[in-house]
Amino acid sequence: MNNLNVAKIQLNGDFYKVNKGSNLNELLNKLKIQTNKVAIEVNGVIVEKNKYSKLILNSNDKVEIVHFIGGG
Amino acid sequence: MEDIFTIANKKFISRLIVGTGKYKNFEETANAVKASEADLVTVAVRRVNILNKEEPLLMDYLDPKLITYLPNTAGCYSSEEALRTLRLAREMGGWRLVKLEVLGDKKTLYPNMIETIKSTEILVKEGFDVMVYCTDDPIMTKKLEDVGACAIMPLGAPIGSGLGIQNKINIKLIKGQSNVPVIVDAGVGTASDATIAMELGCDGVLINTAIAEAKNPILMAESMKLAVLSGRKAYKAKRMKKRTFASPSSPEDNLI
């Protein structure tokens, strides 16, 4: 990947590279994550599921993808 | 007649709510939940492991369409963290019924009631049905009810301690004054503790560690199910009065 075509985001606390212009749906596909099992926050704001394809990721974006795990 | 348990207008049959943490694996979690016959299970919200795409998911073992997930805010020490967690949980699939816990101290995991009340108020305004983990202080629980909590969940003893209900008087006081369900959350160590909670008149019990850390969690889950049922029946049957001295069970007349 050429650096010019890459956006370096912060994904769940670690740096992660995506193609420039990628949207959230494309990121989930790349990560093999099913939309209905997660919730996503970009730069501290929760993104509604129907907006994933419209949200384009930019360098330095802070992305948090969460799901349910066992807990008391 | 069926003894229906209602929280925020939702009806449940089981009065036992179980946590899903601390099990060996999801298979054991699912088996324990099944044995407990709980209708409600608490779950935590955490980051997805990006590096391990093959990681098993809780949802693959416990179908949220078949059992009600109760997202919690375990590990949150401020109102902001708790609100963020529950807003994310709601976005995940429309969860409105949630368990709020805002902790104040890592050693005791005691709730921070100032932050808890503040969070409850905000969440209720945002349309959440909030079940609240709290201290066993009747003034605090009244305040929680005033700001709209749909269930009051006082601790019996510190989370994960298994010490049993330490202050029965307070739990009874809280139950007596509350107009929403009172559920003992935290502190149950074995079946008799769950029974005591129910005998005190509580509407339900929430148990995680006592089941997950038993040597045989599946058997303990079943035991807790029976303990809650037993305590509930004893409460409804209304126990005998205590006496200082003996009262013979056989007639004393016509002795040979």
Side-chain angles (χ1 to χ4, degrees), chain A residues 1 3 5-72, chain B residues 17-23 25-26 28-30 32-33 41-51 53-62 64 69-75 80 84-85 87-95 99 101 109 133 159-160 185-186 206-212:
Chain A
M1 241 192 297
N3 269 348
N5 297 323
V6 163
K8 211 170 165 191
I9 61 165
Q10 228 188 86
L11 177 58
N12 285 0
D14 290 319
F15 282 111
Y16 192 83
K17 286 175 185 170
V18 293
N19 289 326
K20 229 174 204 166
S22 295
N23 63 43
L24 268 186
N25 259 340
E26 286 159 347
L27 173 67
L28 289 178
N29 281 338
K30 194 175 167 188
L31 295 166
K32 294 192 173 115
I33 289 172
Q34 287 171 264
T35 317
N36 62 346
K37 289 178 177 166
V38 294
I40 306 180
E41 207 184 68
V42 176
N43 301 326
V45 179
I46 294 173
V47 186
E48 289 170 40
K49 288 191 199 296
N50 57 14
K51 303 219 168 103
Y52 287 177
S53 58
K54 292 189 195 105
L55 196 141
I56 307 297
L57 293 163
N58 295 306
S59 280
N60 301 319
D61 274 349
K62 283 198 176 95
V63 181
E64 292 284 345
I65 305 179
V66 299
H67 65 162
F68 286 133
I69 64 150
Chain B
I17 302 170
V18 294
T20 55
K22 295 182 174 173
Y23 288 95
N25 50 46
F26 286 146
E28 191 182 72
T29 314
V33 169
V41 294
T42 57
V43 293
V45 176
R46 292 291 181 273
R47 280 173 167 168
V48 167
N49 185 348
I50 301 298
L51 300 174
K53 296 190 176 81
E54 304 302 316
E55 193 180 44
L57 297 174
L58 181 69
M59 278 193 189
D60 297 332
Y61 289 81
L62 285 175
Y69 272 29
L70 183 63
N72 73 17
T73 59
E80 289 71 29
R84 182 186 183 198
T85 301
R87 286 168 183 152
L88 279 164
R90 177 157 68 177
E91 179 54 33
M92 217 163 330
W95 276 271
K99 172 186 161 179
E101 66 176 77
L109 298 180
Y133 167 66
I159 295 173
D185 180 1
L206 197 162
I207 305 171
N208 191 155
T209 311
I211 298 174

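Just so we're clear, the structure is a prediction, and the values are computed from it rather than from any experiment. Atoms considered below: every heavy atom in the structure, side chains included; atoms not considered: hydrogens, waters and symmetry mates. Naming convention: chains lettered A, B, ... in sequence-line order (proteins, then strands); numbering from 1 in each chain.
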Is there a side-chain contact between Leu24(A) and Val42(A) (heavy atoms, below 4.5 Å)? yes
Whether over 12 other heavy atoms sit under 6.0 Å from Asn60(A) CG: no
Is the terminal nitrogen or CZ of Lys37(A) (NZ for Lys, CZ for Arg) located under 6.0 angstrom from the six-membered ring centre of Phe68(A) and within 45° of that ring's axis? no
Pick from Gly71(A), Gly13(A), Gly70(A) with the largest number of heavy-atom pairs that fall under 4.5 Å of chain B: Gly71(A)
Non-hydrogen atoms of chain A under 4.5 Å away: do they reach the side chain of Lys22(B), the backbone, both or neither? neither
Check ion pair Glu64(A)-Arg47(B) (N to O, under 4.0 angstrom): yes
What part of Asn25(B) is in contact with chain A, defined as an atom under 4.5 angstrom from a non-hydrogen atom: side chain, backbone, both or neither? neither
Applying a strict 4.5 Å limit to non-hydrogen atoms, the region of Tyr133(B) in contact with chain A is neither
Given a strict heavy-atom distance threshold of 4.5 Å, which part of Leu31(A) is in contact with chain B: side chain, backbone, both, or neither? both
For Ile211(B) and Val18(B), what are the C-alpha separation, side-chain angles and deciding distance, and is it a side-chain contact (heavy atoms from CB on, under 4.5 Å)? CA-CA 9 Å; Ile211(B) 298 174; Val18(B) 294; 3.7 Å; yes
If you count heavy-atom pairs under 4.5 Å between each of Leu88(B), Val43(B), Leu58(B) and chain A, which one has the most? Leu88(B)
Just do the side-chain contact (heavy atoms from CB on, under 4.5 Å) check on Met92(B) and Val66(A) with the steps written out, would you? CA-CA 9 Å; Met92(B) 217 163 330; Val66(A) 299; 4.2 Å; yes
Does Asn19(A) use its side chain to pair, donor to acceptor, with the backbone of Ser22(A) at less than 3.5 Å? no
Side chain, backbone, both or neither of Ala89(B) within contact of chain A (heavy atoms, under 4.5 Å): both
Bottom line for Leu57(B): the part with an atom under 4.5 Å from chain A's heavy atoms is side chain
If you tally heavy-atom pairs under 4.5 Å against chain A, which of Val41(B), Thr42(B), Asn208(B), Leu62(B) wins? Thr42(B)
Is the backbone N or O of Lys62(A) less than 3.5 Å from a side-chain atom of Asn43(A), with the two atoms forming a donor-acceptor pair by type? yes
At a heavy-atom separation under 4.5 Å, does Ile33(A) approach chain B through its side chain, its backbone, both, or neither? side chain
Tell me, for Asn12(A) versus chain B, whether the close heavy atoms (under 4.5 Å) come from the side chain, the backbone, both or neither. both
Leading residue by heavy atom contact count with chain A [cutoff under 4.5 Å; candidates Phe26(B), Trp95(B), Tyr61(B), Tyr23(B)]: Trp95(B)
